[in-house]
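What follows is a short report on a single structure.
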Amino acid sequence: MPKLGYLNHLKLSGFRSIKEMDLPLGRLNVLIGPNGAGKSNFINFFRFMNKLLQKDLQLYVAEQGGADAILHFGRKQTPLLEAKLRFDPNTYNCELAPTNDGRLVFKSEICQFYGYKIGYDGGVKLKKLAEPGATESGLPKPSTASIHGHVAGYIEDWKVYHFHDTSKTALVKQPCEVLDSERLREQGENLAAFLFEVQEHQPAAYQRIVSTIQRAAPFFHDFILEPDRHNDSKIRLRWKHKGNDAYFDAHSLSDGTLRFICLTTLLLQPKLPSVILLDEPELGLHPYAIQLLGSMLRSASENTQIIASTQSVTLANEFQPENVIVVEHRDNNSQFRRLEPKAFESWLEDYRLGDLWEKNLLGGTPL
């Protein structure tokens, strides 16, 4: 892979519906499977890691209903949550145990540096983090000055994006701070400020975003990105209709169009996060927009790592077997299986991957 920070391998046990998982990951990873199989739980593990890094583990556990709600079938069946993550040249391992009052505390937490992975002769270095019984992670603020600082930087850059809320009160429809433009936020709440920044400093990238939106929404002409004239510290999403001089705001966009605008901005932005996670991004999109989404995911995976779940045959048709992870719920456990490309070579001469999934030749369909 072209840069550090990609997640190469994840071993996870005891997390929600995931009893045991040992999964290699590539640049483009698309999870397919029926409702309740465990796709969302896999994605939610990355939210869990974000909260752990932010020292909000106990708040997160409490909000989820306590340790028993996070452990696989509770502490009586699962006394320990274990995670082992490899993102060459580093690894991060932790073990978490439940307390009597419903918290999760660290039994161990370490990170390691494998110098030979990048041609470094310093050997393997180990850094112990949280002490046994600690309530929050020992990871520091992200930096490049230490092994654990590098690890923290990788985890901080793993973002789970969720653009499903397009209600009247959705954050993406509200005014935001003009200066909140460093990176696109997880629910698109700073979309207008972020697009304003891209338009000002990366005009070619901005034009690619606008052109792609026009392919899915031919009525769309361009954004009107200007600070509020009554409060120049605020900006809201406004746009112009083709053939009309009137301005419209985000409330005038259909739910599907607004979601597609968020996804297009995310995937075509000039500086991508090291890992992008999306849970069923196709929801509410027109079939043609879903095809465009598949193309953007493939293209973005050349410069970042994509982990996405889907229930869409149309979206699955945009990928190859080596991109797909089949998720099934068997024996009270979410099971994850990568496809073997050679097994489908003859089938793919006549069918696309989503068609094979629909025919139940891949697995990952309700039994």
Side-chain angles (χ1 to χ4, degrees), residues 1-12 15 25 27 29 42-61 63-64 81 83-94 96 104 106 109-114 117-118 125-130 134-163 171 176-177 179-191 193-194 197 262 265-267 269-279 300-301 303-308:
M1 291 183 176
K3 66 178 182 178
L4 304 180
Y6 290 113
L7 185 59
N8 309 104
H9 206 108
L10 173 59
K11 292 182 71 172
L12 180 62
F15 183 78
L25 293 165
R27 290 185 184 179
N29 309 270
F42 181 87
I43 299 290
N44 281 330
F45 172 71
F46 293 86
R47 287 195 177 97
F48 176 86
M49 289 301 301
N50 285 155
K51 295 297 183 181
L52 184 149
L53 175 64
Q54 296 163 8
K55 316 293 186 186
D56 282 336
L57 176 61
Q58 299 311 319
L59 176 61
Y60 176 84
V61 171
E63 289 175 343
Q64 300 303 305
L81 189 162
K84 297 181 179 180
L85 303 92
R86 194 182 89 225
F87 26 89
D88 292 338
N90 299 95
T91 64
Y92 171 86
N93 301 339
C94 70
L96 292 154
L104 281 176
F106 284 89
E109 185 186 31
I110 63 169
C111 60
Q112 292 174 287
F113 170 71
Y114 293 86
K117 294 282 187 179
I118 54 173
K125 295 182 179 180
L126 183 147
K127 174 66 177 178
K128 292 185 177 180
L129 299 170
T135 58
E136 297 293 348
S137 169
L139 282 167
K141 291 183 178 180
S143 73
T144 58
S146 65
I147 298 169
H148 47 315
H150 274 290
V151 169
Y154 298 154
I155 296 172
E156 183 186 50
D157 212 29
W158 300 344
K159 296 299 180 185
V160 181
Y161 291 91
H162 192 282
F163 304 128
L171 295 175
C176 64
E177 295 289 334
L179 296 179
D180 185 11
S181 60
E182 183 175 353
R183 67 186 309 158
L184 185 65
R185 294 191 178 275
E186 287 88 336
Q187 296 182 59
E189 51 264 51
N190 67 333
L191 178 63
F194 186 79
E197 177 76 10
C262 291
T265 303
L266 170 65
L267 295 169
Q269 64 178 294
K271 185 180 179 182
L272 292 159
S274 63
V275 181
I276 292 175
L277 296 113
L278 294 161
D279 192 5
S301 70
N303 297 296
T304 188
Q305 186 174 31
I306 303 288
I307 300 173

Exercise. For the residue pair L81 and F15, what are the closest heavy atoms and their distance?
Worked result: CD1-CD1, 3.7 Å
Seminar exercise, completed: To the nearest 0.5 Å, atom OG1 of T91 lies from atom NZ of K84 at 9.5 Å
For this session: Taking all non-hydrogen atoms of both residues into account, name the closest pair between A152 and P140 and its distance.
Result: CB-O, 3.3 Å
For this session: Assess whether side-chain contact (heavy atoms from CB on, under 4.5 Å) is satisfied between L96 and E109, documenting all intermediate values.
Result: CA-CA 9 Å; L96 292 154; E109 185 186 31; over 6 Å; no
Problem set entry | Side chain proximity check, L57 to L59, heavy atoms < 4.5 angstrom | no
Problem set entry | CG-SG distance between L129 and C94, expressed to the nearest 0.5 angstrom | 10.0 Å
For this session: Have a look at F45 and tell me which of L85, L277, V160 forms a side-chain contact (heavy atoms from CB on, under 4.5 Å) with it.
Result: L85
Problem set entry | Nearest-0.5 Å distance that lies between atom SG in C111 and atom NE2 in H150 | 10.5 Å
Problem set entry | Test side-chain contact (heavy atoms from CB on, under 4.5 Å) applied to Q305 and N29, step by step | CA-CA 8 Å; Q305 186 174 31; N29 309 270; 3.9 Å; yes
Exercise. Would a distance-only check, ignoring hydrogens and angles, find a side-chain to backbone donor-acceptor pair under 3.5 Å from N50 to I155?
Worked result: yes
Exercise. So do the side chains of H148 and Q112 get within less than 4.5 Å of each other, counting heavy atoms only?
Worked result: no
Problem set entry | Polar side-chain atom of Q269 near backbone of L266 as donor-acceptor pair, under 3.5 Å | yes
Problem set entry | Short side-chain to backbone donor-acceptor contact, K51 and F46, under 3.5 Å | no
Exercise. Any sub-3.5 Å donor-acceptor pair from K55's side-chain atoms to S137's backbone N or O?
Worked result: yes
Exercise. Under 3.5 Å, side chain of N8 to main-chain N/O of D88, donor-acceptor pair present?
Worked result: yes
Problem set entry | Side chain to side chain, L10 and F42, heavy atoms closer than 4.5 Å | yes
For this session: Output the distance between atom CE (M49) and atom CG (L7), rounded to the nearest 0.5 Å.
Result: 9.5 Å
Exercise. Do D157 and K159 sit within salt-bridge range, that is, some charged N less than 4.0 Å from a carboxylate O?
Worked result: no
For this session: Could you tell me whether L179 atom CG has more than 12 heavy atoms of other residues or ligands within 6.0 Å of it?
Result: no
Problem set entry | Atom pair CG/CG of L272 and N303 - distance to nearest 0.5 Å | 6.5 Å
For this session: May I ask you to decide if E197's main-chain N or O and S181's side chain share a donor-acceptor pair within less than 3.5 Å?
Result: no
Exercise. Less than 4.5 Å apart, any side-chain heavy atom of Y154 and any of S274?
Worked result: no
Exercise. Could you go step by step and tell me if C262 and L191 meet the side-chain contact (heavy atoms from CB on, under 4.5 Å) rule?
Worked result: CA-CA 7 Å; C262 291; L191 178 63; 4.0 Å; yes
Problem set entry | Closest heavy-atom pair and its distance - L184, F163 | CD2-CZ, 4.2 Å
Exercise. Pick from F113, Y114, W158, Y92: which one makes a ring pair (Phe, Tyr, Trp, His ring centres under 6.0 Å) with F87?
Worked result: W158
Problem set entry | Closest non-hydrogen atom pair between S146 and G149, with its separation | OG-N, 3.0 Å
Exercise. Do L267 and T304 have side chains that get closer than 4.5 Å, going by heavy atoms?
Worked result: no
Exercise. Do I307 and L278 pass the side-chain contact (heavy atoms from CB on, under 4.5 Å) test, and can you show the C-alpha distance, the side-chain angles, and the key distance before you say yes or no?
Worked result: CA-CA 6 Å; I307 300 173; L278 294 161; over 6 Å; no
Exercise. Of all residues at least two apart in sequence or in a different chain, which pass the side-chain contact (heavy atoms from CB on, under 4.5 Å) check with R185?
Worked result: D180, E189, N190
Exercise. So N44 and R47, side-chain hydrogen bond (donor to acceptor under 3.5 Å, both in side chains) or not? Walk me through it.
Worked result: CA-CA 5 Å; N44 281 330; R47 287 195 177 97; 2.5 Å; yes
For this session: List the steps and the verdict of side-chain hydrogen bond (donor to acceptor under 3.5 Å, both in side chains) for Y60 and Q58.
Result: CA-CA 5 Å; Y60 176 84; Q58 299 311 319; over 6 Å; no
For this session: Check the surroundings of atom NZ in K271: do more than 12 heavy atoms from other residues, nucleotides or ligands lie under 6.0 Å from it?
Result: no
